[in-house]
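Since the structure comes first, as structure tokens, the remarks are kept for the end.
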Amino acid sequence: MGKAILYDTTRCIGCRLCEAACAERWGLPYDERIAGEEQLSEHKLTTVVTHGERFTRRLCMHCLEPTCVSVCPVAALQKTSLGPVIYDETRCIGCRYCMLACPFQVPAYEWSRRLPRVKKCDMCYERQLAGQATACSEICPTGASVTGERDELIAEARRRIAESPNGYYDHIYGLEEVGGTSVLVLAAVPIEQLGMNHRLPHEPLPILTWRVLSLVPDIVAVGTVLLGGVWWITHRRDEVAASEHAEKEKQKR
Amino acid sequence: MNLSLRWPRLTVWQWVFAFVMLAGLYAAYVRGAYGLGGATNLSNQFPWGLWIGFDVLCGVGLAAGGFTLAAIVYIFNIERYKPILRATILTAFLGYVLVILALLFDLGRPYRIWHPLVMWNPRSVMFEVAWCVMLYTAVLALEFAPVVFERYGWKAPLRWMRAVSLPLVIAGVILSTLHQSSLGSLYLIVPHKLHPLWYSPLLPLFFFVSALCVGFAMTIFESWHSSRAFGKQLERPLLASMARVLAVLLLVYLGMRFLDLHHRGALPLLRENRTETYLFGLEIALLLIPVLFLFRRRIRMNPAALYACAVAVIFGFVSNRLNVSVTGMEAGSGTSYVPRWTEVAVTLAIIALGFAIFRSAAKHLPIFAAEEAPVEKAAGEPVAVHTG
């Protein structure tokens, strides 16, 4: 199943160290003002969001069957077997279909650059390759974010819910949403109260377009035969009419 | 001294054209110098705006007359429509070239527009769109090429073109079918964002049928303009029978739309007092009112009324595409979008460019029937009959 991040909102204290570590890892500026922005953007690839006394954290969910990977016309986005969804900027043409399609509204664009790139969390791919945890989970002082095998983290999440049924709302966000994600979220309240989309289908979104795209070969084959057939019939009619006309002319003579 | 500077003498429309082109050029400079952020009101929440919603979605749709008429004339062998075929093919070709031009503005890295040729992802609708645009533009260029060959009297290439015309037309019809519908498929992936008045699993079918409708409407629209600009007689009975087909198609389209709304249980949404409801109403009204008129023979035979109906259908089509790409996406994206002046300026300049190229092509190339007929008889038919 690959690597995953388990983010437990009940343990998050909103210290924003994850934001700082993420910015440092990407070489992005980070200060008070950026800390206060609380939304994902081209210069903020993870963000803590305040909901009254609770905190939640947004980042790329690294779907198991990612919408962005399926929609990218040049395969610039890839789901690695390790877990992270990574982006190859040398392929990207900048159509921004990934941004339109992402069910979590994660990918951001470098709007102000002349040669812009898509920006999103890549789950610290090179750190994962080296067997290290992500920068955000490594720095997290309360263990709200932890990196590990997805199977093990699901078991851990279930254990936490079972141990304190009053402390958690009984739902692992990301277990089934859009076919499952590699970021799993636990909360004390229904997830929509923390500003997350709870109405996502459990089937992966790429199925929606694949149903139609897989018809393309049939349309081409059937269409060609059909159009060729119609052409043959309509022109045959003319030919027959012309030859009958010629016969009549002959008989007259 | 008599050295006073004088403005060149231009007609009102030439002034408008000059102004639109200058504004467009300046907007193009802004796009180049300050990037998408400086030239558009797009954002991370709303990444597709006017350039996709109008220039691409509508541009491709408005070029639909090309494959519709090519199929009617060549596949269904209804020869009486031949006199207006060339003008429609030219419009379709120009439409596609201008769509590509608009894409160059919209893509973040326009110089990589060729990437889908070598970097494949067959699971992506956008990949299908890219291939359809490229292949169909090539097909349209080949379909229009005989006009240029005729103009310069090149006999050999004309014969080659005649030999491949059937496969070309079939390829064109299939590519268009795929392409028109795939623009609708683009939005299948956003059930969570697109307003239920427009999101439907049948989006590809709706996009295809509405493209057929606007193909007919555009053909009527162009014929009217060409007849005025070049003093040609309007092919009245031809356009009237086309208008009847248009009315039936529109009725089928609207019927499907409402059946779909009913089956998805989305009809109660029409009682909500929201912007989406009103813009949906506008879209439907612009398509429904022409239907009511076009079923009367008197209206169909009246050029001005027919023209008005065609314009209404075109506006209805444009509002549908903008509703899908902008109106219907705003609430789901949690933001609102109004295009910046630069986006509008580029769009207007592209439209103006289209009109200008069509006009000069119509002036210098044998596009209309009167010029086409003798060439066909003198060079084409006898040769083909005797050798075949």
Side-chain angles (χ1 to χ4, degrees), chain A residues 39-42 67 69-77 90-101 103 105-119 178 197 199-201 205-206 208-213 215-216 219-220 223-224 227-228 230-231 233-235 237-238, chain B residues 32-38 40 42-48 52 71 74-78 103 106-110 112-116 118-130 166 169-171 173-174 177-178 181-182 185-193 201 204 329 333-334:
Chain A
Q39 65 175 1
L40 293 179
S41 67
E42 54 274 32
T67 312
V69 171
S70 91
V71 300
C72 180
V74 290
L77 290 149
T90 62
R91 285 176 163 251
C92 179
I93 59 175
C95 71
R96 311 184 298 283
Y97 193 18
C98 50
M99 302 172 62
L100 187 91
Q105 283 207 347
V106 166
Y109 207 55
E110 295 179 318
W111 296 102
S112 54
R113 286 175 67 134
R114 263 197 268 179
L115 295 178
R117 293 165 297 183
V118 168
K119 289 291 229 177
V178 292
N197 189 350
R199 273 179 299 203
L200 292 171
L205 294 178
L208 296 172
T209 41
W210 183 243
R211 270 185 208 137
V212 177
L213 276 172
L215 293 177
V216 168
I219 292 174
V220 172
T224 309
L227 290 171
V230 171
W231 177 85
I233 291 169
T234 55
H235 284 75
R237 215 181 281 150
D238 279 6
Chain B
Y34 301 98
L36 283 166
T40 69
L42 299 175
S43 62
N44 290 330
Q45 285 73 41
F46 210 85
W48 284 5
I52 295 289
Y74 289 119
I75 309 279
F76 291 91
N77 200 16
I78 306 177
L103 265 178
D106 187 75
L107 288 179
R109 305 261 190 147
R112 289 178 178 169
I113 195 168
W114 54 275
H115 273 197
V118 292
M119 302 174 188
W120 287 27
N121 180 13
R123 293 183 70 88
S124 164
V125 180
M126 189 62 94
F127 176 75
E128 187 198 346
V129 168
L166 176 67
V169 169
I170 291 183
V173 173
I174 289 180
T177 307
L178 291 176
S181 57
S182 65
S185 314
L186 281 178
Y187 288 88
L188 286 179
I189 203 88
V190 287
H192 49 289
K193 274 188 187 171
M329 292 291 285
S333 305

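Throughout, protein chains are lettered first and strands after them, A, B, ... in sequence-line order, and every chain is numbered starting at 1.
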Which atom pair, heavy atoms only, marks the closest approach of [X] to [Y]?
{"X": "Asn197(A)", "Y": "His192(B)", "value": "ND2-CB, 4.1 Å"}
{"X": "Pro116(A)", "Y": "Gly108(B)", "value": "CD-O, 3.4 Å"}
{"X": "Tyr109(A)", "Y": "Asn44(B)", "value": "N-OD1, 2.9 Å"}
{"X": "Leu107(B)", "Y": "Ile93(A)", "value": "CB-O, 3.7 Å"}
{"X": "Pro191(B)", "Y": "Leu205(A)", "value": "CG-CD2, 4.0 Å"}
{"X": "Leu42(B)", "Y": "Arg96(A)", "value": "CD1-NH2, 3.5 Å"}

Next item on the list: Output the distance between atom CG (Asp106(B)) and atom SG (Cys95(A)), rounded to the nearest 0.5 Å.
Entry: 9.0 Å

Notebook entry, point to check: CG of Leu36(B) to CZ of Arg114(A): how many Å apart, nearest 0.5 Å?
Noted result: 12.5 Å

Quick one: what part of [X] sits under 4.5 Å from any heavy atom of chain B, side chain, backbone, both or neither?
{"X": "Glu42(A)", "answer": "both"}
{"X": "Val118(A)", "answer": "neither"}
{"X": "Arg199(A)", "answer": "neither"}
{"X": "Thr224(A)", "answer": "both"}

Next item on the list: Specify which of Leu115(A), Leu40(A), Leu215(A), Leu208(A) makes the most heavy-atom pairs with chain B at under 4.5 Å.
Entry: Leu115(A)

Next item on the list: Heavy-atom pairs under 4.5 Å with chain B are the metric here; pick the option from Ala76(A), Cys92(A), Ser41(A) that has the most.
Entry: Cys92(A)

Check: Is the number of heavy atoms from other residues, nucleotides or ligands under 6.0 Å of Arg112(B) CZ greater than 12?
Finding: yes

Notebook entry, point to check: Which bit of Leu178(B) is near chain A, if near means a heavy-atom gap under 4.5 Å: side chain, backbone, both or neither?
Noted result: side chain

Check: Which bit of Ile78(B) comes within less than 4.5 Å of chain A, counting heavy atoms only: side chain, backbone, both or neither?
Finding: neither

Check: With respect to Asn77(B), which candidate in Thr234(A), Val230(A), Ile233(A) satisfies the side-chain contact (heavy atoms from CB on, under 4.5 Å) definition?
Finding: Thr234(A)

